[in-house]
Protein chains: 2
Amino acid sequence: MEVDTKKGMEELILEKAEELFLEKGYALTSTVEIAKAAGCNQALVHYYYRTKERLFQKVFLSKIGLFLSILLKIDGQEEDFFMNLRKKIGAHFDLLMKNPGLPFLILNELTTNKRNILILKEEISKGENNRSVFLKLEESLNKEISKGTVREMTVMDLILNIISMNAFFFLSIPIIKGVFGIEENKKKEFIENRREEVITSILNGIRP
Amino acid sequence: MEVDTKKGMEELILEKAEELFLEKGYALTSTVEIAKAAGCNQALVHYYYRTKERLFQKVFLSKIGLFLSILLKIDGQEEDFFMNLRKKIGAHFDLLMKNPGLPFLILNELTTNKRNILILKEEISKGENNRSVFLKLEESLNKEISKGTVREMTVMDLILNIISMNAFFFLSIPIIKGVFGIEENKKKEFIENRREEVITSILNGIRP
DNA sequence: ATTATCTATAGATCTATAGATAATGC
DNA sequence: ATTATCTATAGATCTATAGATAATGC
């Protein structure tokens with residue numbers, strides 16, 4: 001655990017920076033703090049990454065990629081639309097469960113620093129398949145609508161519904177914990193229940 | 001507009017502080033900046049509010065109150081459950097529309113400063129009727145569940161669904177704008193559509 | 001007299017860099 | 001020789017306060 005099996009300072013700094021940025025965001029994390037967490041001198045952080053901004057970009061870029069990848073990945077190709085969607089929502093939830101600080105980091109930095117929105121924009125348009133994945137989802141949604149199995153709605157709304165329900169839950173966990181004080185042993189159950197509720201609610205919500 | 005009809009510096013400072021805190025959060029707003037926005041000297045900010053922290057608490061408290069009030073307010077007493085819920089969700093959405101920076105401020109500060117969670121906690125338990133409002137909603141929800149008009153679910157989930165969908169939409173507006181570049185004249189339509197979608201999705205989502 | 005406003009400044013950070021020293025690779 | 005790490009420090013903020021001056025209320 002505490003051994004850091006010869007990870008090399010450069011990488012260790014990146015890791016600790018990641019942890020701290022995820023926890024408190026860019027503004028509230030100092031290079032002094034990062035250095036202390038990595039067990040080195042503050043100057044070394046700048047030696048490897050030049051500026052705090054560049055270090056942050058490195059972290060942010062990888063996290064944005066992670067966040068998008070799941071949303072866009074299609075696994076169950078041509079299964080039943082509803083089954084496919086159920087899996088997608090669940091996979092997105094699971095990704096966030098593994099990275100619970102992700103929504104806060106992305107939201108916070110996209111909101112407070114317009115420059116980061118450009119990064120997101122590039123990242124979206126870069127993956128050329130992103131667009132095609134999007135179009136494919138749109139297509140299958142429209143097919144269901146014309147079959148009458150889904151009510152009239154746009155892909156944009158569907159995606160927003162998924163991100164809203166999933167991301168906001170993880171955004172609010174620290175608050176829920178603080179206000180209602182969920183016991184550690186019931187935490188897992190609480191999250192599992194919410195996972196099911198989110199999926200059910202979204203799927204039910206698109207019915208005609 | 002620019003006249004500040006004899007508003008007195010004390011109040012003007014509070015107003016400008018509110019604007020800035022809503023826009024960028026506590027950490028990224030300096031008392032220097034607040035003073036400049038109010039057109040006075042930085043020392044005056046401290047003269048009236050002593051510390052930046054106290055000034056912030058004043059703003060935060062009023063915003064928390066606002067946010068809770070709508071969620072808890074019951075207007076349509078004993079109407080139809082679904083009609084009542086539809087109104088509630090819409091009213092919450094409308095409040096956020098008037099205060100689009102509210103979700104970000106509250107989320108950001110509750111996440112980065114644990115102390116603020118205590119403030120929220122107190123605020124919730126202070127309004128003694130808060131609990132009763134909550135219980136009343138729970139009661140009518142359970143009635144519907146036993147009638148078979150709503151699927152099995154908890155009040156907590158229902159409330160989380162509403163806040164998730166409403167708050168997250170306003171959280172993401174700057175991002176959506178930045179990425180997709182919504183034109184100013186279509187903005188209103190976009191928001192109106194989302195309002196309808198949110199209501200429909202939540203109401204549909206709780207059906208058995 | 002009291003209250004509002006300003007100027008000036010101390011003391012805390014924090015980022016970034018310069019320059020010294022230690023570790024490592026041929 | 002080159003790369004990694006450290007010490008020290010300049011320069012930018014930023015918060016908070018002390019102390020001077022201007023405005024206002026009796």
Side-chain angles (χ1 to χ4, degrees), chain A residues 2-61 105 108-109 111-116 119, chain B residues 2-61 105 108-109 111-116 119:
Chain A
E2 266 300 85
V3 189
D4 296 331
T5 31
K6 268 293 150 272
K7 214 167 249 168
M9 256 309 162
E10 185 167 1
E11 202 185 342
L12 187 60
I13 289 170
L14 186 64
E15 262 176 41
K16 292 302 176 183
E18 188 175 305
E19 281 173 29
L20 288 164
F21 285 144
L22 277 167
E23 194 185 320
K24 320 194 296 173
Y26 180 78
L28 291 182
T29 302
S30 73
T31 53
V32 176
E33 220 175 341
I34 294 169
K36 207 193 315 177
C40 72
N41 189 282
Q42 182 252 351
L44 206 59
V45 175
H46 290 271
Y47 171 71
Y48 283 121
Y49 298 98
R50 202 167 181 84
T51 69
K52 180 182 163 187
E53 177 73 18
R54 285 162 63 98
L55 174 55
F56 177 76
Q57 297 305 350
K58 193 146 193 171
V59 172
F60 190 65
L61 212 61
L105 178 78
N108 193 30
E109 301 309 329
T111 304
T112 54
N113 187 348
K114 298 296 165 199
R115 207 183 158 296
N116 290 324
I119 295 179
Chain B
E2 266 301 84
V3 189
D4 297 328
T5 31
K6 271 291 150 269
K7 211 165 252 169
M9 256 307 161
E10 184 166 2
E11 202 184 342
L12 188 58
I13 288 170
L14 186 64
E15 262 177 40
K16 292 301 177 183
E18 188 174 306
E19 282 174 28
L20 287 165
F21 285 143
L22 277 168
E23 195 184 320
K24 318 194 298 172
Y26 180 77
L28 292 182
T29 302
S30 72
T31 54
V32 176
E33 220 176 341
I34 294 170
K36 206 191 318 177
C40 74
N41 189 282
Q42 181 253 351
L44 206 59
V45 175
H46 291 270
Y47 171 72
Y48 283 120
Y49 298 98
R50 204 165 180 85
T51 68
K52 180 182 162 186
E53 177 74 18
R54 284 163 63 100
L55 174 55
F56 177 77
Q57 298 304 350
K58 194 146 191 171
V59 172
F60 190 66
L61 212 61
L105 179 78
N108 194 29
E109 302 310 329
T111 304
T112 54
N113 188 347
K114 300 294 165 197
R115 208 183 156 294
N116 289 324
I119 295 180

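Quick note on labels: first sequence line is chain A, next is B, and so on, each numbered from 1.
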Minimum-distance pair of heavy atoms, taken over all atoms of A/Leu44 and A/Met9: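 In this case the closest contact between A/Leu44 and A/Met9 is CD2-CG, 4.1 Å.
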
Minimal non-hydrogen separation, B/Arg115 against B/Glu53, with atom names: NH1-OE2, 4.2 Å

Residues which pass ring pair (Phe, Tyr, Trp, His ring centres under 6.0 Å) with A/Phe60, listed by chain and number, not counting sequence neighbours: A/Phe56

D/dT9 - base-pair partner by Watson-Crick or wobble geometry, distances under 3.5 Å: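 The base-pairing partner of D/dT9, which may sit in any strand shown, is C/dA16.
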
Watson-Crick or G-U wobble mate for D/dA22, both contacts under 3.5 Å: C/dT3

Contact boundaries on DNA chain C for chain B, cut-off under 4.0 Å to non-hydrogen atoms: C/dT3 to C/dT7

Note, A/Ile13 side chain near A/Tyr49 side chain (heavy atom, < 4.5 Å):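 Answer yes - side chains close enough.
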
First of A/Asn41 and A/Tyr47 reached from the 5' end of DNA chain D, by closest nucleotide: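 Mapping each residue to its closest nucleotide by heavy atoms, the 5'-most match is A/Tyr47.
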
Criterion side chain to side chain contact (heavy atoms under 4.5 Å, CB included) against B/Leu14, the qualifying member of B/Leu55, B/Ile34, B/Val45: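 Exactly one option meets the side chain to side chain contact (heavy atoms under 4.5 Å, CB included) with B/Leu14, and it is B/Leu55.
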
